[in-house]
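Chain letters run A, B, ... following the sequence lines, proteins first and then strands; every chain starts at 1.
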Number of protein chains: 2
Amino acid sequence: MDEHEHNAASRDAGGRAAGRKPARGVTMETVGRLAGVSQVTVSRALSDPSKVSPKTLAKIHEAIEMTGFVPNALAGALASSKSKLISALVPSIRNFVYAGMVQAFSAVMRDNGYQIMLSETGFEPEEEEKLIAAHLSRRPDAMMLTGIHHSAQARRMLLGADIPVVEVWDITDSPIDVCVGFSHADTGRAVAEFAHANGYRQAGCVAAGDERARRRARAFSERFKALGGEGVAIAQFDAPASLERGRQGLAQLMDAQGFSGGVVFCSSDLLAHGVLVEARERGLQVPGQLAVIGFGDQDFSAFVTPAITTVRVNMEAFGQSAARAVLERIEAQRGDQSVIDLGFEIVRRESA
Amino acid sequence: MDEHEHNAASRDAGGRAAGRKPARGVTMETVGRLAGVSQVTVSRALSDPSKVSPKTLAKIHEAIEMTGFVPNALAGALASSKSKLISALVPSIRNFVYAGMVQAFSAVMRDNGYQIMLSETGFEPEEEEKLIAAHLSRRPDAMMLTGIHHSAQARRMLLGADIPVVEVWDITDSPIDVCVGFSHADTGRAVAEFAHANGYRQAGCVAAGDERARRRARAFSERFKALGGEGVAIAQFDAPASLERGRQGLAQLMDAQGFSGGVVFCSSDLLAHGVLVEARERGLQVPGQLAVIGFGDQDFSAFVTPAITTVRVNMEAFGQSAARAVLERIEAQRGDQSVIDLGFEIVRRESA
DNA sequence: TTGTAAGCGTTATCAC
DNA sequence: GTGATAACGCTTACAA
């Protein structure tokens, strides 16, 4: 691999850095003065135009145009105690499932006039706690959290904030407020049953990711054994998952754990893809000698060869459903259900 | 492909939805009363503890602990006109380059006490304009934008807001404030030169993505022709890129545009991967009959077979550099450079 | 239809 | 070291 460097340079072009004006911002007061009305009328013109006469409305809009007035939502939120801000906390936006959920969630929220404050919690619980406090200080109208495990202090703060809280990507019978997800343990068990029903008696797991990925692998392993399969070899890595990890995973299973063939359940399609690549390098026939099952149904999964058999979860549905649950709670001060199980499905393709 | 549905159900478990208290929030006033001091002292205890005696400090913290007080950052921001909020606008967080940039940007910002308000602009300029207005109303301390093309109205609002603005992922000699990126045209030209130098005389492009992807393809095409190569066939798709699009791209090039072999420059590694898969299906030798060059150096690119020759841009560096530029401007009210070109490099692997 | 007045929960500026 | 007091720029009664 040879590399060609290009253009790594920086130039100084002055810019407008020097003279930033100390300008007092333009407020509703300013606009009102220009339009010959009081500040409140400007406020009304913006929040409920029907309460203002067409003539003054026109003058106000003209003044807004002239001044380039942008309302101060901080002041508005302080006065009304409605921030129109929603907090969203996910482990990582580079993980495509979380990115997909957030995108869907945000889209629905934006369409309803809300803005998202997004933070990544990484994979440590203490980090989440700090972030929750930071977010709460902005007085969001609701909060979206990933997963159902949160520190006691975090739960206390959340309860104290007295806003709708939706936990996504997992379910529990005792959500803080409402949860939207699926059972990770059920997923692992269903895959074990699928594998067993398809005649596989030897199995391995390649897992990389958070605690939920491990939970799926564990449930798979237990069920597979209970069905009479052999002990399940597990190759486990820290998050994040990658194609490289998948290749290493198969190598580890075969070279260090005596796994010689059968089915491999991976905690993501990216890993499954890596297993597939490594299998081809080793001249293994898929699904003849080695069967592979992934998780997540990434957009490439149906288009690689062999196409990946996987577990599909509808991330967009999670995001949308979570958004709707939140909106319902914000607007009606209540919500119908507190546990929304969106399930999953096994998609059989060529790899298993 | 057969599918097995699982658990798609929802249950009602009551939750705490019913009784949301109308409780007046706990403020610094409340805390102060409990600690036997005034509200201001509580404020000081939090913002500059050295200005408060150890004894009262202890009492205040005790009161905070008891009440679960969380400061109201909205009020703080209104009073101090420092929101400690940074706006970030990207086309899509599901695109791994943008996700990577945002992650790096956010990490640096968070370490400096700032929080990120993130929105996706999609690929329409009017959408960006609306979002800029919405973000500005929250009075962010700075704003990060993707790309250098913004509507006139957007520029006006940004200038009027009088906050640091950093444009990432592209460069121009006339940034709004500061830009951090690389030249997309130079990238296309460099790839053309690389391809020509390696003996390829026939070429195609597969492009899917935004205007910048098209700019790279166009620059590649022009340069390739200028160097004496043949006319370049182009298969173009709307964003987003996917493996499937890559497969379709090669198919279109070969079946509809008479491309029979040579080098294919793709606007992302995902597309390149698709081209590779399609090439294998068609029994084409890579890089013998078909050479493939991608863009972005995704994490799988080095690990598929053949490993993908690609253009690497350091997304983390963009995010970090953008963050530093912003911090510099916030804190010093100025910034050294206004154009930061971080360049790119061609990474040769097996596919070309 | 429009205006007045009283907050919202902080920070900033003085005084003590 | 601590406390009044006045902003900050809105929204929400309540009057006119």
Problem - Nearest-angstrom distance from the residue atom CG of A:L78 to C1' of D:dC8 - result: 9 Å

Problem - Charged N-O contact under 4.0 Å between B:E128 and B:R155 - result: no

Completion exercise
Of the listed D:dT2, D:dT12, C:dT1, the closest approach to the A:K82 side chain comes from D:dT12

Exercise for the section: Strictly below 4.0 Å, heavy-atom distances to any atom of DNA chain D: list the hits from residues 31-50 of chain A, or just say none. Expected result: A:Q39, A:V40, A:S43

Handout entry: d(CE, A:M28; C1', C:dG3) in whole Å
Key = 15 Å

Problem - Any donor-acceptor N or O pair under 3.5 Å, side chains A:E167, A:H150 - result: yes

Problem - For atom NZ of B:K59 and atom P of D:dG1, their distance in whole Å - result: 15 Å

Handout entry: Non-neighbouring partners of B:L136 that pass side chain to side chain contact (heavy atoms under 4.5 Å, CB included), sequence neighbours left out
Key = A:V70, B:I132, B:P140, B:M143, B:M157, B:L158, B:A161, B:I163

Handout entry: Distance in angstrom units between A:E29 CD and C:dT4 P, rounded
Key = 10 Å

Handout entry: Pair B:E65-B:K59, salt bridge (Lys or Arg N to Asp or Glu O under 4.0 Å): steps then yes or no
Key = CA-CA 10 Å; B:E65 180 64 25; B:K59 276 194 281 192; over 6 Å; no

Practice task
For the pair B:N72 (side chain) and B:L74 (backbone), establish whether a donor and an acceptor sit closer than 3.5 Å, ignoring hydrogens and angles.
Solution key: yes

Practice task
Say whether B:E129 and B:S151, considering side chains only, have a donor N or O and an acceptor N or O under 3.5 Å apart.
Solution key: yes

Exercise for the section: Please determine if a side-chain N or O atom of B:S80 lies less than 4.0 Å away from the OP1 or OP2 oxygen of C:dT10. Expected result: no

Handout entry: Steps toward side-chain contact (heavy atoms from CB on, under 4.5 Å) verdict (B:I93, B:Y98)
Key = CA-CA 6 Å; B:I93 57 166; B:Y98 301 135; over 6 Å; no

Handout entry: Within residues 60-72 of chain B: residues closer than 4.0 Å to DNA chain D (heavy atoms)
Key = none

Exercise for the section: Please report the shortest heavy-atom distance between B:F69 and B:T27, naming the atom on each side. Expected result: CE1-C, 3.6 Å

Handout entry: Distance below 4.0 Å between A:T56 side-chain N/O and C:dT1 OP1 or OP2
Key = no

Fill in the blank from the handout: Atom CG of A:L74 and atom P of C:dT11 are separated, to the nearest Å, by 13 Å

Exercise for the section: Show your reasoning for whether salt bridge (Lys or Arg N to Asp or Glu O under 4.0 Å) applies to A:D141 and A:K84. Expected result: CA-CA 6 Å; A:D141 288 342; A:K84 287 279 179 179; over 6 Å; no

